[in-house]
Amino acid sequence: MEKWTKKDLLGLEELSREEIEHVLSTAESFKEVSTREIKKVPALRGKTVVNLFYEPSTRTRVSFEVAAKRLSADVINVAIETSSVKKGETLTDTGKNIEALKADIIVVRHSSSGAPAMLAESLKANVVNAGDGWHEHPTQALLDMFTLKEKIGRIQGLKVSIVGDIAHSRVARSNIWGLTKLGALVTVCAPKVLIPEGIEQMGVRVTHDIDQALKDADAVNVLRMQFERDESAAFPKQLEYFKTFGITSQRLKKLKKNIIVMHPGPINRGIEISSEVADGENSVILEQVTNGIAVRMAALFLVSNSQQE
Amino acid sequence: MSILIKQGRVIDPANKRDGVFDLLIEKGKIVKIEENITDSAQTVIKAQGKIVSPGLVDMHVHLREPGREDKETVSSGTLAAAKGGVTSVLAMPNTEPAIDSESIVNLLASIIKKDAKVKAYISAAITKGRDGKKITDFKNLKKAGAIAVSDDGCSVDSKTIMLKALEEAKKEDILVICHCEDHSLSKKGVMNKGFFSTKLGLCGISKESEYKMVARDIELAKKTGARIHIAHVSCKESVEIIAKAKAKGIRVSAETAPHYFSLIDESVSGYDTNMKMNPPLRGVADCQAIKKGLADGAIDAIASDHAPHTINEKAIEFDRAAFGVVGLETELAVAITELIDTGMLTWLQLIAKMSLNPSRILNLNQGSLGINSPADVIVISPDKEWVVEEENIISQSKNSSFLGKKLKGLIDYTICQGKIVYQSQ
Ligand SMILES: [Zn+2]
Ligand SMILES: [Zn+2]
């Protein structure tokens, strides 16, 4: 990689393999910062990062906040309730107002797919997507890949299964783009109603059999199930889901191998994953949280120093 | 006022005429079509190399008046129509309030009389307030001047109520225009359901939600003998169902809109809200099926579904943006580019789809260049290329799917009732 040219980080679909690898290696060099006694580098000193969150998400917001602070940036958190969007000013107007405060980077979380792209188009500030609708959550996928690479040493050729509500998951989509670009073989596994149409065209294998999905896998990424979201009868019931798709130690024992278990959090114990597995030796869930900071430091640093062609 | 149009290629499907002629208009009527007319006229239009055809009849236009004059008015909408070569429009009734009573038909008729630059006809609602519950008074709406009924924007969900509406329509001999959408299937969808909705993370609208309702309404038409017209056909299955119904002799006609034979769901990539309409842009196979349906006659008409929206309703998040695009000023050029240039349709076929056929479906005495016909005539430069730009759109709203696109075919003159209502610079 010669230089980073992207003003914004909107998704992994638009990144090349080289760009993804560049973020991961930049994150690697930032990871060490968090182990120092003084966990700070001056990389973004004098810069202002605004976390603009239209959806409540303590985890992601805190992770971005810590990342920005470790780069010595000033951080402002703006939370806007989705219910007020209808009456309030438009997304673009809000963005322009924040930019007028001389914000350098806007980290945006929004329930509408495409909202960060819209913001990026109308602003000079760098925009980092912290999750938009069902579309993408690039930093989550990057930290998942970072963790895999750290654990196994490579992504190329790895078999990764993503299990859960694929249809409504931005984490799944970003992981699919990123992992396939880096040469992993991706399987998605869910009940039929949670597999969106045409997902195979994104380069993944589809199965509805959890044991099949686990059998071949080097790693499994377990998605959070949100049963409250869907009122339709087609949606599987909680208990039934755990029985058929839940990641349990019985299932893992059968595999006779070490499989890495990831989860973007927050976890629902006893719904998509058993406590035993979540806290067990296969789980890298807390390491993912730690790595999230390094990856987000890299994302903020790269967009802030982007050189547009 | 007399106008003589010299040496244009006259396309007149009603009289199966395709050849170079002179055409003379006097007192609002066509008085002569001959190889060489030597009469003098107040205005002479030289039309060598140009197409001379009946003015277009667009049977699906949202003029937005009364109630949403911020989007469009009768005045601005019919001016846009004139620029697009459209001399007759059918105004859809989803205004605020809906056109669901004689008094509102009268109100709109009075606005049309005062402001319209071309002929504007009125479609009234099927149900009061378009809520799908209580049928409007077809007899008196017709008496007041409505020439069709439609709840466009949605289907009449209840089969029982739709059946009753069609029985009533049969009795009153009024056309029912069906917006076919099973809302229990389309739900919160914002684009075609498929790979691209998956990729973009947007809620999909299945084709099933359209064609199942097409099938239902055709079944009810068969049962009642009422005349129905299927609005904005967007997918392959709907075309097939309509073709089969026609073969069985059921009284059904159908229209499609230019975006369905020129654009596909992939165009939504980038979250362009000018690619958001209902029904949504479909896949490649559907786009081809629409073209084929136009060629083989399953689809009778092309209508714009001109749906103006303000920038405030479009320059927002994709899932929150309004459905619909403007189309009056681009429909002919899109059709020429996609259907004539590709050899899908002949000029006679295309002009029939855009004037004679809709005129017949609506029982209007238009779309013909026969002697004594009303002088609704357009002159087209068929090869002139132009780029659609916001500044050139004269409709009050600029939400066109074709912004930045190069199209072929430009209107030189639009003559309505013997008067030049539009002339290109
Ligand atoms: Zn409609
Ligand atoms: Zn419409």
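What you see is a predicted model, and the numbers here were worked out from it, not measured in a lab. The chains referred to below are lettered A, B, ... by the order of the sequence lines, with proteins before strands, and numbering in each begins at 1.
Contact annotation for A/Glu13: only side-chain heavy atoms (C-beta onward) come within less than 4.5 Å of a heavy atom of chain B. Heavy atoms of A/Met118 lying under 4.5 Å from chain B belong exclusively to its side chain. Interface residue B/Phe195: backbone and side-chain heavy atoms are both found under 4.5 Å from chain A.
Atom OG1 of A/Thr90 sits about 10.0 Å away from atom CD1 of B/Ile311, to the nearest 0.5 Å. Taking CG of A/Asp93 as the reference point, atom CD1 of B/Ile316 lies at 11.5 Å (rounded to 0.5 Å). A/Leu119 CG to B/Glu317 CD: the interatomic distance, rounded to the nearest 0.5 Å, is 9.5 Å. Rounded to the nearest 0.5 angstrom, B/Asp319 CG and A/His110 NE2 are separated by 8.0 Å.
The environment of NZ in A/Lys7 is crowded: more than 12 heavy-atom neighbours from other residues, nucleotides or ligands sit within 6.0 Å. Crowding of B/Lys193 atom NZ: a count of heavy atoms from other residues, nucleotides or ligands under 6.0 Å not exceeding 12. Residue B/Lys291 places its NZ atom among more than 12 non-hydrogen atoms of other residues, nucleotides or ligands, all under 6.0 Å distant. Other residues, nucleotides and ligands contribute at most 12 non-hydrogen atoms within 6.0 Å of the CD atom of A/Glu121. For B/Lys314, the NZ atom is densely surrounded, since the number of other residues' heavy atoms within 6.0 Å is greater than 12.
Across all their heavy atoms, B/Lys199 and A/Arg173 have their closest contact at O-CD, 4.2 Å.
Proximity of the aromatic rings of A/His135 and B/Phe318 is defined here by a centroid distance below 6.0 angstrom, and this criterion is not met.
Chain A forms the most heavy-atom pairs under 4.5 Å with one residue out of B/Ala315, B/Cys203, B/Ser197, and that residue is B/Cys203.
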Practice task
Evaluate the criterion side chain to side chain contact (heavy atoms under 4.5 Å, CB included) for residue pair A/Ser113 and B/Leu202; output intermediate values, then yes/no.
Solution key: CA-CA 7 Å; A/Ser113 296; B/Leu202 293 170; 3.8 Å; yes
